[in-house]
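Every heavy atom of this structure was used, including side-chain atoms; hydrogens, water molecules and symmetry mates were not.
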Amino acid sequence: MPSSSSCDPPKRQRVLLKISGESFAHPGERGIAMDEVALIARQTKKAAEQGVQIAIVIGGGNILRGAQFTYGTTSIEEATAHYMGMLATVMNGLALQDALESIDCQTRLLSAIRMDAVAEPYIRRRARRHLEKGRIVILAAGTGSPFVTTDTAAAQRALELDADVLLKATRVDGVYSDDPERNPHAVLYRTLSYHDVQQQNLRVMDPTAIAQCMEHDMPIVVFNYKQEGNIERAVRGDRVGTLICSEAVLQRQGDDEQTKTS
Ligand code: UDP
């Protein structure tokens, strides 16, 4: 059994998991594929069994993205389309909630846009209470305000719910120097600072989300949830994907690793 020392990072207590809407559909398709949702639910259940509190922000890109929906359309205002995008995340939230409850997980669906028949209103203190009681909290309708994305909602909720880390589940292994599907020489980064992401204009999360995490020192882990067990590993704090944090934290980690190996 691995021994723990004072150098080991503290055990995670609460995490914010961001799952994009695309994860709810088969690759290249739209809508909700319940086998994909079930895969996420099974992995999330295993992760929660480790005793870590889990809040999930879900996207809606599998159904509708505000910015894309208005493109070339004159009859719909952009703000309306963004609200439609937020409603899409509620549909995904309902699907994930049932998938989790069907495998005996306790959940609560909280919506930033009031929708009392299907979800509780998002109230920060209530969300925290659910988490403390061991319920998986699904956060739908993004921030409740148009013109941003669920990445920004994820950063916002991670901060206000005092999460230890923001985990961004994707279909690629982490952050690459270029699109790995188009460029075979693209390099996978193991660690990056917030500044690296901004300076190299890496497409990790939207710029507002990165800026918010940077301002408040919220670490981000970008990882491939399709690899079996990865949600569990990411929640536990094992090294998966790409870690994004401040230069000072990266420096400290490098020093710790050198101490351990010397
Ligand atoms: N959205 C919004 N405000 C928010 C969160 C989301 O207006 O706080 C809208 C926005 O139009 C976005 C859509 O909802 O495109 C769906 O969310 P997102 O694109 O982030 O989903 P994902 O890419 O994660 O599937």
Exercise. Go through the steps for Ile63 and Met84 under the test side chain to side chain contact (heavy atoms under 4.5 Å, CB included), then give the verdict.
Key: CA-CA 9 Å; Ile63 300 170; Met84 291 165 74; over 6 Å; no
Quiz item: Just how far is it from atom OG1 of Thr44 to atom CG of Leu39, taken to the nearest 0.5 Å?
Solution: 9.0 Å
Quiz prompt | Glu228/Arg42 salt bridge by N-O under 4.0 Å criterion | solution = no
Exercise. Answer whether the closest heavy-atom distance between the side chains of Tyr189 and Gln200 falls below 4.5 Å.
Key: yes
Quiz item: Does NE2 in His185 sit with more than 12 non-hydrogen atoms of other residues, nucleotides or ligands closer than 6.0 Å?
Solution: no
Quiz prompt | Modelled atom types, side-chain donor and acceptor of His82 and Glu78, under 3.5 Å | solution = yes
Self-check item: Pair Glu232, Gln50: side-chain N/O donor-acceptor within cut-off below 3.5 Å
Solution: no
Exercise. Check whether more than 12 heavy atoms from other residues, nucleotides or ligands sit under 6.0 Å from atom CD of Glu77, and answer yes or no.
Key: no
Quiz item: Are Thr149 and Met205 close enough that some pair of their side-chain heavy atoms sits under 4.5 Å apart?
Solution: no
Quiz item: Is the shortest side-chain N to carboxylate O distance from Arg108 to Glu120 below 4.0 Å?
Solution: yes
Quiz item: Can you check whether Val175's main-chain N or O pairs, donor with acceptor, with Thr242's side chain at less than 3.5 Å?
Solution: yes
Exercise. Answer yes or no: is there a side-chain heavy-atom contact under 4.5 Å between Ile231 and Phe223?
Key: yes
Quiz item: Taking all atoms of both residues into account, what is the closest heavy-atom pair of Leu87 and Met115, and its distance?
Solution: CD2-CE, 3.6 Å
Practice problem: State the CG-CD1 distance between Leu17 and Ile56, to the nearest 0.5 angstrom. | Solution: 5.0 Å
Quiz item: If every non-hydrogen atom of Ala155 is compared with every non-hydrogen atom of Cys213, which pair is closest and at what distance?
Solution: CB-SG, 3.9 Å
Quiz item: Do Ser23 and Ile40 have side chains that get closer than 4.5 Å, going by heavy atoms?
Solution: yes
Self-check item: Heavy-atom pair of closest approach, residues Pro146 and Ala79
Solution: CB-O, 4.1 Å
Exercise. Sort out for me which residue in Leu109, Ile58, Leu16 forms a side-chain contact (heavy atoms from CB on, under 4.5 Å) with Leu139.
Key: Leu16
Quiz item: Within the distance-only criterion (no hydrogens, no angle test), does the side chain of Thr150 pair as donor or acceptor with the backbone N or O of Gly142 below 3.5 angstrom?
Solution: no
Quiz item: If you measure from the Lys or Arg side-chain nitrogens to the Asp or Glu carboxylate oxygens, is any gap between Arg171 and Glu181 under 4.0 Å?
Solution: no
Quiz prompt | Side chain proximity check, Asp217 to Tyr194, heavy atoms < 4.5 angstrom | solution = yes
Exercise. Report yes if some heavy atom in the side chain of Val172 is under 4.5 Å from a heavy atom in the side chain of Asn224; otherwise report no.
Key: no
Quiz prompt | Non-hydrogen side-chain atoms of Val57 and Gln156 separated by less than 4.5 Å | solution = no
Quiz prompt | Shortest non-hydrogen contact from Thr152 toward Thr143 | solution = C-CG2, 4.5 Å
Self-check item: Chi angles and distances behind the side chain to side chain contact (heavy atoms under 4.5 Å, CB included) call for Phe69, Ile76
Solution: CA-CA 9 Å; Phe69 194 67; Ile76 188 155; 3.8 Å; yes
Exercise. Please test Ile113 against Val90 for side chain to side chain contact (heavy atoms under 4.5 Å, CB included), starting from the C-alpha separation and ending with a verdict.
Key: CA-CA 9 Å; Ile113 295 176; Val90 180; over 6 Å; no
Self-check item: Salt bridge Glu49-Lys46, side-chain N to carboxylate O under 4.0 Å
Solution: no
Exercise. Inspect the surroundings of CD in Glu29 and state if more than 12 heavy atoms from other residues, nucleotides or ligands are less than 6.0 Å away.
Key: yes
Exercise. Give, for atom CG of Leu166 and atom CZ of Arg157, the distance between the pair rounded to the nearest 0.5 Å.
Key: 12.5 Å
Quiz item: Is it true that Asp179 and Arg203 make a salt bridge, defined as a side-chain N closer than 4.0 Å to a carboxylate O?
Solution: no
Quiz prompt | Side-chain touch Phe24/Val37, heavy atoms, less than 4.5 angstrom | solution = yes
Self-check item: Gap separating the CG atom of Leu202 from the CG atom of Asp178, nearest 0.5 angstrom
Solution: 9.5 Å
Quiz prompt | Pairwise distance CG(Leu250) to CZ(Arg190) - rounded to 0.5 angstrom | solution = 14.0 Å
Quiz prompt | ILVMFWY network linking Leu96 to Met86, side-chain heavy atoms under 4.5 angstrom | solution = yes
Quiz item: Step by step, would you call Arg12 with Leu167 a side chain to side chain contact (heavy atoms under 4.5 Å, CB included)?
Solution: CA-CA 12 Å; Arg12 286 187 176 149; Leu167 304 172; 4.1 Å; yes
Quiz item: Given the rule that I, L, V, M, F, W and Y join up when any side-chain heavy atoms are under 4.5 Å apart, are Val222 and Leu243 in one cluster?
Solution: no
Quiz item: What heavy-atom pair brings Ala141 and Thr89 nearest, and what distance separates the two atoms?
Solution: N-OG1, 2.6 Å
Practice problem: Look up atom CG in Asp104 and atom NZ in Lys45, then write down how far apart they are to the nearest 0.5 Å. | Solution: 5.0 Å
Practice problem: Determine, step by step, whether Ser193 and Asp196 satisfy the side chain to side chain donor-acceptor pair (under 3.5 Å) criterion, reporting the C-alpha distance in whole Å, the side-chain angles of both residues, the deciding distance to 0.1 Å, and the verdict. | Solution: CA-CA 5 Å; Ser193 70; Asp196 293 333; 3.2 Å; yes
